There are 2 protein chains.
Amino acid sequence: MSRSEGQAREVQGGYAKGEAARLRILEAALAAFGEGGFKGATTRQIAEAAGVNLPALKYYFGGKEGLYLACAEEIVARYRARMVEPILQAQAMLEALHTAEVARDALKLVIRALAEQMVETREVEAWAGFVLREMAEPGPAFDILYEQVWQPGVNIVGYMIGLAGGLRPKAAQIEALLLISSLSAFGASRPVSLKSLGWDDVEGERFAQVMANLDRRIDELA
Amino acid sequence: MSRSEGQAREVQGGYAKGEAARLRILEAALAAFGEGGFKGATTRQIAEAAGVNLPALKYYFGGKEGLYLACAEEIVARYRARMVEPILQAQAMLEALHTAEVARDALKLVIRALAEQMVETREVEAWAGFVLREMAEPGPAFDILYEQVWQPGVNIVGYMIGLAGGLRPKAAQIEALLLISSLSAFGASRPVSLKSLGWDDVEGERFAQVMANLDRRIDELA
DNA sequence: TCCAAAACATATCGAATGATATGGATCATG
DNA sequence: CATGATCCATATCATTCGATATGTTTTGGA
């Protein structure tokens, strides 16, 4: 008897080989789910992309849905890894000097970090699709993504917008939603945005141009 | 021999009964594809929701993909029906008086019309999902939606932003993308936005609050 | 070296899905 | 009312998909 019910396996021993395969599967699944959503991606396609055979998915993740949830947790982990520092820094700035101007600078920091996540690599294009899809049509991973990524993000941005200037609390919340949603232009729907702009990437000077627009918008909150 | 190759049927005679069924199928398909995307929706589910049997889909639309394309065309038609008037009005305003202030007012008109489409009904929530999904991951209907809906929308908004104030042409294009994308907060991902705001709809006073934010943003373009 | 745990592979099953063959019911019109 | 076009229903096929039963190879520690 290997492992009990259809549950996923938990790493325990010092076996390193399997962990590598686990990661390959996770990576392939992130890309596949990000593109096609839960139903759009097939287990065979993921297995092939990861260079493993079909039962490996059950072996490591218990099945398709387990793999999907594991992807959500991985996204949360990566999001946190990238956002913890800028958010801490923003909070430090605000504790040191509690003015509207500092709030705007702190907000720029956070928005820049979010934007960098959106733009970074092809890999991120996948998880942006994953998150936005799950927010649009709640699936198995909705709760974890909403509570761990979306809601905290909207809250902190809304809070800072409130401190930043002339918006009343509700208007600040709405502004936070609009601001974060506008980032999706370079997240999930980036290919289209690039086509509209006649660009073929969003790096260097081009990323700076986008950030200039976002920064200007934050300055206008004064 | 009824009709030639797997092609869809074209209405010709004065038969009215079939047209009603055709519309029921189209409506059900819009909702289903809007929620789950091309692969996420099943033909049986659509047929049942429309109150017809399975072969009816082939009979009227030639198959699943034909139905999908018909949905895209229907979306284009509805979009045009709602946007033609505000766009004509905006153009008339600009022809009468070619100033930045008028441009901002004209832009408010167009953005309001777009926002109303996003907010309107549950029905629109479906096609917003349809369009955004197709923009995120190009499928069979990408071309028609991009050329007939997305690109013209971005262009006209970008043009007006350019007229509206202090943005250089490229910055105006970027701003147009950000502005339109921010509307998706109340389009595809509306349920989440409502949850974040503690609202249960976006009507009346609440829609006015959202529009106030958007209008303020347009005023700040000066 | 030995062996149990861990990792991988082959083959196949049952359900769901898109499609369609085939025939019957309904409708508009001469 | 007869007749062909239009519309609808039953039954079934071939694929694809997720899952898993079963057995083999590899790994790392005693």
Side-chain angles (χ1 to χ4, degrees), chain A residues 1-26 28-29 32-33 35-71 139-141, chain B residues 1-26 28-29 32-33 35-71 139-141:
Chain A
M1 207 113 338
S2 58
R3 212 135 277 278
S4 52
E5 306 310 281
Q7 273 306 337
R9 197 194 61 97
E10 290 300 324
V11 186
Q12 39 194 47
Y15 288 72
K17 182 93 170 293
E19 195 55 21
R22 214 189 100 99
L23 283 180
R24 285 206 315 279
I25 296 173
L26 204 55
F33 286 135
E35 279 192 17
F38 183 73
K39 295 201 67 173
T42 74
T43 53
R44 290 167 213 271
Q45 161 196 352
I46 294 172
E48 191 188 6
V52 301
N53 44 38
L54 208 42
L57 303 200
K58 174 186 168 65
Y59 182 72
Y60 285 104
F61 298 96
K64 192 183 188 184
E65 184 158 328
L67 179 54
Y68 193 73
L69 290 175
C71 284
Chain B
M1 208 123 327
S2 57
R3 210 137 277 278
S4 52
E5 309 309 280
Q7 273 307 338
R9 199 193 59 95
E10 290 300 323
V11 186
Q12 42 194 45
Y15 288 73
K17 181 91 169 295
E19 194 55 20
R22 214 190 99 100
L23 283 181
R24 284 207 315 278
I25 295 173
L26 203 55
F33 286 135
E35 279 192 16
F38 183 73
K39 297 200 65 175
T42 74
T43 54
R44 288 166 215 271
Q45 159 196 354
I46 294 172
E48 191 188 6
V52 302
N53 44 37
L54 208 41
L57 303 200
K58 175 186 168 66
Y59 182 73
Y60 284 104
F61 298 97
K64 191 183 188 183
E65 183 159 329
L67 180 53
Y68 193 73
L69 289 174
C71 284

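Note that these values count all heavy atoms, side chains included, but never hydrogens, waters or copies made by symmetry. Nothing here was measured: the structure is a model prediction, and the numbers come from that model. First the proteins, then the strands, lettered A, B, ... as listed; each starts at 1.
Summarising the geometry, the separation between CG on Leu67(B) and C1' on dA19(C) is reported as 14 Å, rounded to the nearest angstrom. Between Ile25(A) atom CD1 and dC8(C) atom C1' the separation is 11 Å, expressed in whole Å. If you take OH of Tyr60(A) and C1' of dG18(D), they are 19 Å apart, rounded to a whole angstrom. Between Glu19(B) atom CD and dA28(C) atom C1' the separation is 16 Å, expressed in whole Å. Atom NZ in Lys64(A) sits about 14 Å away from atom P in dA16(C), given to the nearest Å. Tyr68(A) has its OH atom 18 Å from the C1' atom of dC17(D), to the nearest Å. The CZ-C1' distance, from Phe61(B) to dG18(C), rounds to 16 Å in whole Å. Distance Arg24(A) CZ to dA7(C) P: 12 Å, rounded to the nearest Å.
Listed pair Lys58(B) / dA19(C) fails the phosphate criterion, with no side-chain N or O lying under 4.0 Å from OP1 or OP2. Of the side-chain N and O atoms in Asn53(A), none sit less than 4.0 angstrom from OP1 or OP2 of dC8(C). A close approach under 4.0 Å does not occur between any side-chain nitrogen or oxygen of Tyr59(A) and OP1 or OP2 of dT20(D).
Nearest nucleotide to the side chain of Leu54(A), out of dA21(D), dA19(D), dC7(D): dA19(D).
Interface residues of residues 36-52 of chain B facing DNA chain C, ordered by number: Ala41(B), Thr42(B), Thr43(B), Arg44(B); criterion, heavy-atom separation under 4.0 Å.
Panel note: side chain Glu35(B), backbone Ala32(B); no donor-acceptor pair is recorded below 3.5 Å. The closest donor-acceptor contact from the side chain of Lys64(A) to the backbone of Ala41(A) lies under 3.5 Å. In terms of modelled atom types and a separation under 3.5 Å, the side chain of Glu48(B) and the main chain of Gln45(B) share no donor-acceptor contact.
Going from atom SG of Cys71(A) over to atom CZ of Phe61(A) covers 7.0 Å, rounded to the nearest 0.5 Å. Taking OH of Tyr60(B) as the reference point, atom CD of Glu19(B) lies at 8.0 Å (rounded to 0.5 Å). Annotation: the span from Arg44(B) atom CZ to Asn53(B) atom CG amounts to 11.5 Å, rounded to 0.5 Å.
Heavy-atom nearest nucleotides on DNA chain C were determined for Ala56(B) and for Ala56(A), and the one closer to the 5' end corresponds to Ala56(A).
Residues Arg24(A) and Ile46(A) form no side-chain contact, since every pair of their non-hydrogen atoms from C-beta on lies 4.5 Å or further apart. A heavy-atom distance below 4.5 Å is found between the side chains of Leu67(A) and Leu26(A).
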Checklist outcome for this item: Output field dot_bracket for DNA chain D (Watson-Crick or G-U, both distances under 3.5 Å, | for other-strand pairs) contains ||||||||||||||||||||||||||||||
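Ring pair Tyr68(A)/Phe33(A) is perpendicular by interplanar angle, where above 60° counts as perpendicular and below 30° as parallel.
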